[in-house]
> 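Quick one: structure below, then a few questions.
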Amino acid sequence: MAFIHLDIRCLYAILICTAFGSTLSSDAEIKVKPPQDFEIVDPGYLGFLYLQWQPSLSLDNFKECTIEYELKYRNIDSENWKTIITKNLHYKDGFDLNKGVEAKIHTLLQGQCTNGSAVQSSWSEATYSTSPQGNLETKIRDMDCIYYNWEYLVCSWKLGMGVHFDTNYNLFYWYEGLDHALQCVDYIKSNGKNIGCRFPYLESPDYKDFYICVNGSSKSQLIRPSYFIFQLQDIVKPSPPDYLSIIVKNSEEINLKWSIPIGPTPAKCFIYEIEFTEDDTTLVTPTFENEIYITRTSNKSQQLCFLVRSRVNIYCSDSGIWSEWSDKQCWQGDIWRETLLFFLIPFAFVSLFVLLITCMLLYKQKALLKMVFHTKKELFSHQETLF
Ligand SMILES: *[C@@H]1O[C@H](CO)[C@@H](O)[C@H](O)[C@H]1NC(C)=O
Ligand SMILES: *[C@@H]1O[C@H](CO)[C@@H](O)[C@H](O)[C@H]1NC(C)=O
Ligand SMILES: *[C@@H]1O[C@H](CO)[C@@H](O)[C@H](O)[C@H]1NC(C)=O
């Protein structure tokens with residue numbers, strides 16, 4: 001019986017094999033069409049574009065198959081295509097609108113109906129670019145945006161070269177969460193021209209692409225718009241650390257401390273750089289903590305000084321801007337010199353001042369007494385003459 005069973009199984013196997021074999025030969029001819037109506041749509045978000053398409057015709061024949069789309073897109077001139085495989089009929093991403101955009105898509109069939117191997121259609125292509133207006137010279141120059149203390153965004157720029165006197169520029173911005181692009185409401189001006197923008201309070205704008213367009217107008221020429229994309233956490237410039245202190249633990253060890261810059265930046269997001277000076281030698285070193293222990297190179301060193309600056313670290317952003325350096329904090333080895341500097345000198349000054357005031361008062365009082373005496377005398381003589 002066991003043998004018969006085996007035989008029957010074998011027969012089934014052969015049958016299935018031949019059945020697949022036959023689909024195999026027909027599979028070689030499976031053809032699928034590319035998606036229809038592929039287009040790139042600009043919703044007015046200054047670089048955030050929609051890529052959308054419709055299913056290809058005759059997909060009904062492939063009901064057992066997974067139908068996917070392979071989408072490739074890039075800014076014209078850029079080296080690499082971004083590749084996305086999706087079952088959806090749309091995709092959204094940010095593009096640099098200073099350049100054109102190109103995209104292509106094809107249908108992918110996978111699964112039983114294709115005998116396990118992938119079948120792809122030919123490509124369907126689309127391009128998009130904002131109608132180029134004005135020559136390059138009319139663009140703004142040296143755009144610089146800083147997100148101060150993870151709180152206030154300020155951008156500034158220089159006027160385009162060779163633009164007519166009546167040219168003025170406007171800034172628009174958008175990020176995910178805004179219904180539409182907004183215009184700057186607080187421009188920084190120079191000679192009546194907009195040369196920067198102080199942004200209002202922005203609601204959770206970080207860790208998203210932030211899109212900016214600075215375009216302009218003039219009666220006599222067209223002005224080329226400029227587009228920018230960045231993430232705000234990457235352009236944070238913190239305020240410098242404050243309240244520095246030096247604690248000389250013993251003849252060898254020194255503890256340097258400072259306060260974490262106040263503001264919305266999380267404490268774990270900072271990296272600091274310390275510039276430590278021991279007499280004439282200077283050491284520059286980074287640290288993630290707001291304190292550091294340093295070994296003195298000589299226990300005879302007379303002056304220890306340090307200053308500190310801060311930046312957002314790699315755990316919180318891809319890049320950042322160093323804060324200004326803090327004020328310098330020093331420790332003087334010689335106690336006497338310290339007392340002299342910090343106590344005796346001011347004391348001497350104060351004493352001198354008091355002495356001077358007393359002298360002046362005394363002098364004035366004397367003069368006053370003299371005057372009173374004189375008038376009294378005069379009065380008396382006057383009275384004498386009356387009687
Ligand atoms: C179909 O599948 C068989 C067995 O799995 C394989 O040998 C054959 O190459 C496949 N045909 C195609 C067109 O992929
Ligand atoms: C500048 O860009 C904004 C936002 O895209 C647009 O509404 C406005 O019409 C543009 N202005 C000019 C002069 O092109
Ligand atoms: C200073 O350092 C020297 C050796 O470098 C050591 O002999 C001496 O004891 C130290 N002085 C103090 C006050 O620790």
Side-chain angles (χ1 to χ4, degrees), residues 39-52 73-78 82 90-103 126-147 152-232 234-235:
E39 58 179 347
I40 301 172
V41 177
D42 184 354
Y45 296 155
L46 316 176
F48 188 70
L49 302 179
Y50 299 166
L51 303 140
Q52 55 195 47
Y73 58 89
R74 64 176 182 182
N75 267 117
I76 291 169
D77 297 342
S78 74
K82 268 197 192 171
H90 55 84
Y91 195 76
K92 302 169 181 181
D93 203 358
F95 294 87
D96 176 3
L97 289 191
N98 295 303
K99 300 172 196 155
V101 172
E102 57 184 337
T127 58
Y128 176 75
S129 64
T130 56
S131 49
Q133 55 165 18
N135 62 43
L136 278 174
E137 297 259 282
T138 60
K139 281 171 87 129
I140 55 153
R141 291 170 300 138
D142 302 340
M143 178 71 153
D144 185 28
C145 292
I146 298 177
Y147 197 32
Y152 309 108
L153 178 61
V154 177
C155 289
S156 59
W157 59 81
K158 292 199 184 109
L159 305 183
M161 311 267 271
V163 286
H164 285 270
F165 187 71
D166 70 337
T167 307
N168 206 355
Y169 293 94
N170 292 309
L171 179 146
F172 295 83
Y173 63 98
W174 182 84
Y175 61 95
E176 223 182 308
L178 296 184
D179 293 340
H180 52 90
L182 297 175
Q183 190 180 169
C184 176
V185 285
D186 186 10
Y187 282 111
I188 302 166
K189 287 175 186 276
S190 162
N191 299 324
K193 309 267 179 221
N194 299 338
I195 55 150
C197 175
R198 287 180 217 94
F199 287 73
Y201 169 76
L202 303 165
E203 194 152 341
S204 48
D206 42 8
Y207 298 105
K208 299 172 182 170
D209 286 333
F210 195 93
Y211 298 84
I212 288 183
C213 167
V214 181
N215 58 18
S217 54
S218 158
K219 282 198 182 100
S220 41
Q221 70 189 139
L222 287 169
I223 304 298
R224 175 78 65 100
S226 297
Y227 295 90
F228 306 89
I229 310 174
F230 43 79
Q231 298 215 340
L232 293 192
D234 291 340
I235 53 164

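Because only heavy atoms are used, hydrogens play no part in the values below, and waters and symmetry mates are left out as well, while side chains stay in. Both counts, for ligands and for their atoms, begin at 1 and track the order of listing.
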> SG to SG, are Cys145 and Cys155 under 2.5 angstrom apart?
yes
> Does the Lys NZ or Arg CZ of Lys99 fall within the cation-pi geometry relative to Tyr227 - under 6.0 Å from the ring centre and within 45° of the axis?
no
> I'd like to know whether NZ of Lys208 has more than 12 heavy-atom contacts from other residues, nucleotides or ligands below 6.0 angstrom.
yes
> Flag this pair as yes if the NZ/CZ of Lys92 is under 6.0 angstrom from the six-membered ring centre of Tyr50 and inside a 45 degree cone about the axis; otherwise no.
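Positive - Lys92 is close enough to the ring of Tyr50 and near enough to its axis.
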> Could you identify the single nearest non-hydrogen protein atom to atom 5 (O) of ligand 2 and state the distance to 0.1 Å?
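Looking only at protein heavy atoms, the one closest to atom 5 (O) of ligand 2 is Leu46 CD2, 3.6 Å.
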> Heavy atoms only: which of Ser218, Gly216, Ala181 is nearest to atom 13 (C) of ligand 2?
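Nearest option to atom 13 (C) of ligand 2, by heavy atoms: Gly216.
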> Could you check which of Tyr227, Phe172, Tyr211 puts a non-hydrogen atom nearest to atom 7 (O) of ligand 2?
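Shortest heavy-atom distance from atom 7 (O) of ligand 2: Phe172.
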> Indicate whether atom 11 (N) of ligand 2 is within a distance of less than 4.0 angstrom of some protein heavy atom.
yes
> Name the closest protein heavy atom to atom 6 (C) of ligand 2, giving the residue it belongs to and the distance to 0.1 Å.
Asn215 ND2, 4.2 Å
> Answer yes or no: is there a donor N or O on one side and an acceptor on the other, between the side chain of Asn194 and the main chain of Asn168, under 3.5 Å?
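The answer is no, because no donor-acceptor pair under 3.5 Å joins these two groups.
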